[in-house]
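What follows is a short report on a single structure.
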Amino acid sequence: MTHGLKDTLLIAIGSTTGQLMVVVSMPFITRLYGPGEMGLYAVFTASVGLFATVVAFHYELAIPLSKCDLHARLLTKLALLVAFVVGLLLLGVVIATGDSALKLLGTPELTSIEWLLPISLFATSLVTVLTYRAIRFKTFRLTAAGKALQGVVQSGAQIGYGLLGFGASGLIYGTIMGQCIAIYILGQSGFWQEITRGWSSHKSKFIVLAGRHKNFPMVSTPSSFINAAVAQLPTIALAAWFDIRVVGLYALGIRILQVPMRFIGDSLSQVFFSMAAEAHRNGSLENVVTKTWRVQTTFALHSFVPLAIIAPELFGTVFGQEWREAGVYTQLIMPWIMVSFISTSLSILVTVLQKQKQEFLFQLVYLSVLPGALWLGRAGASEHLAIGSLGIAASILLTCKIIWLLHIAGVNLAPQALWLSREVLYVTSVAVVLLIVKTLAGSELFTVLAAATLVLATHSVNYLLRKTYVF
């Protein structure tokens with residue numbers, strides 16, 4: 001096994017361990033915190049997530065690209081300096097407008113801990129910067145350990161604070177504690193020693209490096225902010241227009257649906273990136289894209305359709321009956337998440353074929369359409385209409401994007417449409433079987449177990465007999 005493969009596997013194990021701990025802890029957390037408390041936490045994390053990707057002006061992306069160790073260290077300091085200044089500015093904004101902004105969002109309960117927003121934002125930025133620094137200096141063991149322990153500490157702390165009755169603040173404290181342990185571990189590669197030295201003696205180099213990498217704050221930052229806005233807007237809009245419990249139920253649904261995207265979608269994206277880049281060079285991109293699109297579509301259809309059918313029973317059984325409504329919300333947004341899963345890997349084509357301008361325009365359209373979809377629900381005073389409209393609008397836009405991506409890769413669309421119609425018929429037959437089982441089942445637990453068995457069986461058939469998952 002090559003060093004590169006070992007390093008990639010090591011980071012993947014660390015990341016998977018951390019994320020798995022968060023997922024495993026959810027049935028405990030949902031029994032310690034109610035939908036209202038989870039909704040407040042979702043608004044807090046959405047606010048952090050909106051700015052976290054841009055707070056350092058993306059100078060952290062330049063760290064692994066630097067050939068000189070000194071420049072890599074200086075870029076680390078530059079990114080942290082920018083993040084610290086932006087964090088201070090945000091703290092001033094929070095002090096000046098925090099109360100009114102939280103009331104506008106329908107979350108005045110966060111007033112007492114609004115000061116944690118810039119702290120969590122800076123901590124998130126620090127984790128990101130140190131992760132890129134670790135990539136540059138190849139301290140992959142620390143990266144893996146940091147990712148794993150962040151999930152372990154976050155989950156453990158949130159459960160502990162929940163047992164003590166801290167409410168939404170316990171979820172926030174737990175998240176920050178997880179970030180702190182990651183920062184401590186990632187800093188063990190000499191960061192704590194170097195961060196206190198060289199500030200005054202390298203002032204001119206900071207200016208030179210900032211200018212040399214000006215494209216990161218000027219080009220990458222606006223694009224990343226729009227992407228973050230697309231991701232966080234639904235949570236913020238739902239908080240402003242509906243009861244905070246709706247936000248909590250929606251947040252849990254999104255969180256669970258994103259599990260296969262993180263564990264499987266991200267892995268497929270990394271594999272596809274390597275394959276697509278090579279295929280583009282040797283003229284075989286069409287074949288690689290066609291296979292990848294079929295693999296992801298097959299997996300998505302045979303995973304998300306059964307999940308949509310038994311979502312209320314699943315959420316009620318695993319997370320408690322108080323969260324059964326989250327399963328209904330999950331059904332409404334399932335088309336969006338399923339199409340998003342399919343588009344995740346194919347979106348790599350934007351980079352491979354250098355279509356960043358078109359991607360930026362798509363994100364602008366995406367960002368402009370989603371508020372309108374949510375507003376329909378507000379106008380109709382129905383959170384179900386809002387979430388359903390969001391799911392339909394987002395899935396239509398992403399479907400159009402997939403068609404465009406297949407087109408620019410040179411894929412003949414007619415055979416793909418025919419293949420897709422056959423796959424949909426196959427999935428429909430599986431869905432009918434599951435609906436019959438659901439109707440005849442005597443308990444929700446039996447329905448969930450039957451669905452899990454059926455999903456496992458269909459994926460096994462796809463892999464072993466149909467050879468669908470073989471590249």
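Quantities reported herein were computed from a predicted structural model and do not represent experimental measurements.
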Kindly say whether [Y] contributes a backbone atom to a donor-acceptor pair with the side chain of [X] at under 3.5 angstrom?
| X | Y | value |
| --- | --- | --- |
| Thr221 | Met218 | no |
| Ser25 | Val22 | yes |
| Thr344 | Ser340 | yes |
| Thr30 | Phe319 | yes |
| Ser368 | Val365 | yes |
| Trp323 | Leu249 | no |
| Ser382 | Arg378 | no |
| Gln296 | Phe341 | yes |
| Ser460 | Leu456 | yes |

Give me the atom names and distance for the closest heavy-atom approach of [X] to [Y].
| X | Y | answer |
| --- | --- | --- |
| Ile113 | Tyr173 | CG2-OH, 3.9 Å |
| Thr428 | Val424 | OG1-O, 2.7 Å |
| His459 | Ser303 | NE2-OG, 2.9 Å |
| Thr468 | Thr298 | CG2-OG1, 3.4 Å |
| Leu121 | Val48 | CD1-O, 3.6 Å |
| Gln416 | Val411 | CG-CG1, 3.7 Å |

Would you please test Lys355 and Trp404 for side-chain contact (heavy atoms from CB on, under 4.5 Å) and show each step?
-> CA-CA 11 Å; Lys355 300 291 183 180; Trp404 171 68; 3.9 Å; yes

4.5 Å side-chain heavy-atom contact, [X] and [Y]:
| X | Y | value |
| --- | --- | --- |
| Trp241 | Val247 | no |
| Ser347 | Lys401 | yes |
| Thr330 | Ile256 | no |
| Leu390 | Leu238 | no |
| Pro118 | Leu88 | no |
| Val455 | His302 | no |
| Met177 | Tyr161 | yes |
| Leu405 | Val350 | yes |

Starting from the C-alpha separation in whole Å, work towards a yes-or-no answer on side-chain contact (heavy atoms from CB on, under 4.5 Å) for Met338 and Val305.
-> CA-CA 9 Å; Met338 183 171 64; Val305 172; 4.3 Å; yes

Parallel, tilted or perpendicular: rings of [Y] and [X] (30°, 60°):
| X | Y | answer |
| --- | --- | --- |
| Tyr59 | Phe57 | tilted |
| Phe84 | Phe122 | perpendicular |
| Phe51 | Phe225 | tilted |
| His384 | Tyr329 | perpendicular |

For the residue pair [X] and [Y], confirm or rule out a side-chain donor-acceptor distance under 3.5 Å.
| X | Y | result |
| --- | --- | --- |
| Gln150 | Gln154 | no |
| Thr175 | Gln158 | yes |
| His58 | Thr53 | no |
| Tyr41 | Ser169 | no |

When you look at Ile254 and Trp336, which way does the side-chain contact (heavy atoms from CB on, under 4.5 Å) test go after all the steps?
-> CA-CA 11 Å; Ile254 283 289; Trp336 170 28; 4.2 Å; yes

Give the intermediate values and the outcome of side-chain contact (heavy atoms from CB on, under 4.5 Å) for residues Trp293 and Trp419.
-> CA-CA 11 Å; Trp293 128 261; Trp419 171 85; 4.0 Å; yes

When rounded to the nearest 0.5 angstrom, what distance separates [atom1] in [X] from [atom2] in [Y]?
| X | Y | atom1 | atom2 | answer |
| --- | --- | --- | --- | --- |
| Leu171 | Thr45 | CG | OG1 | 9.5 Å |
| Leu346 | Ile408 | CG | CD1 | 9.5 Å |
| Met38 | Leu40 | CE | CG | 11.0 Å |
| Arg294 | Tyr469 | CZ | OH | 14.0 Å |
| Ile181 | Ile176 | CD1 | CD1 | 14.5 Å |
| Ile309 | Phe304 | CD1 | CZ | 14.0 Å |

Quick test of your reading of the model: are [X] and [Y] salt-bridged, counting only N-O distances below 4.0 Å?
| X | Y | answer |
| --- | --- | --- |
| Arg245 | Glu325 | no |
| Glu444 | Lys438 | no |
| Arg324 | Glu313 | yes |

Give a yes or no on whether Phe446 atom CZ has more than 12 heavy-atom contacts from other residues, nucleotides or ligands under 6.0 Å away.
->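 Incorrect, the count does not exceed 12.
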
State whether the number of non-hydrogen atoms from other residues, nucleotides or ligands found under 6.0 Å of Gln321 atom CD is greater than 12.
->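 Yes, because the 6.0 Å sphere around CD of Gln321 holds more than 12 heavy atoms from other groups.
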
Which residue pairs pass the side chain to side chain donor-acceptor pair (under 3.5 Å) test with at least one member in residues 116-132, sequence neighbours excluded?
->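 Output for this query lists Thr124-Gln179.
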
Identify, with sequence neighbours excluded, every residue that meets side-chain hydrogen bond (donor to acceptor under 3.5 Å, both in side chains) alongside Glu37.
->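 Here no residue qualifies.
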
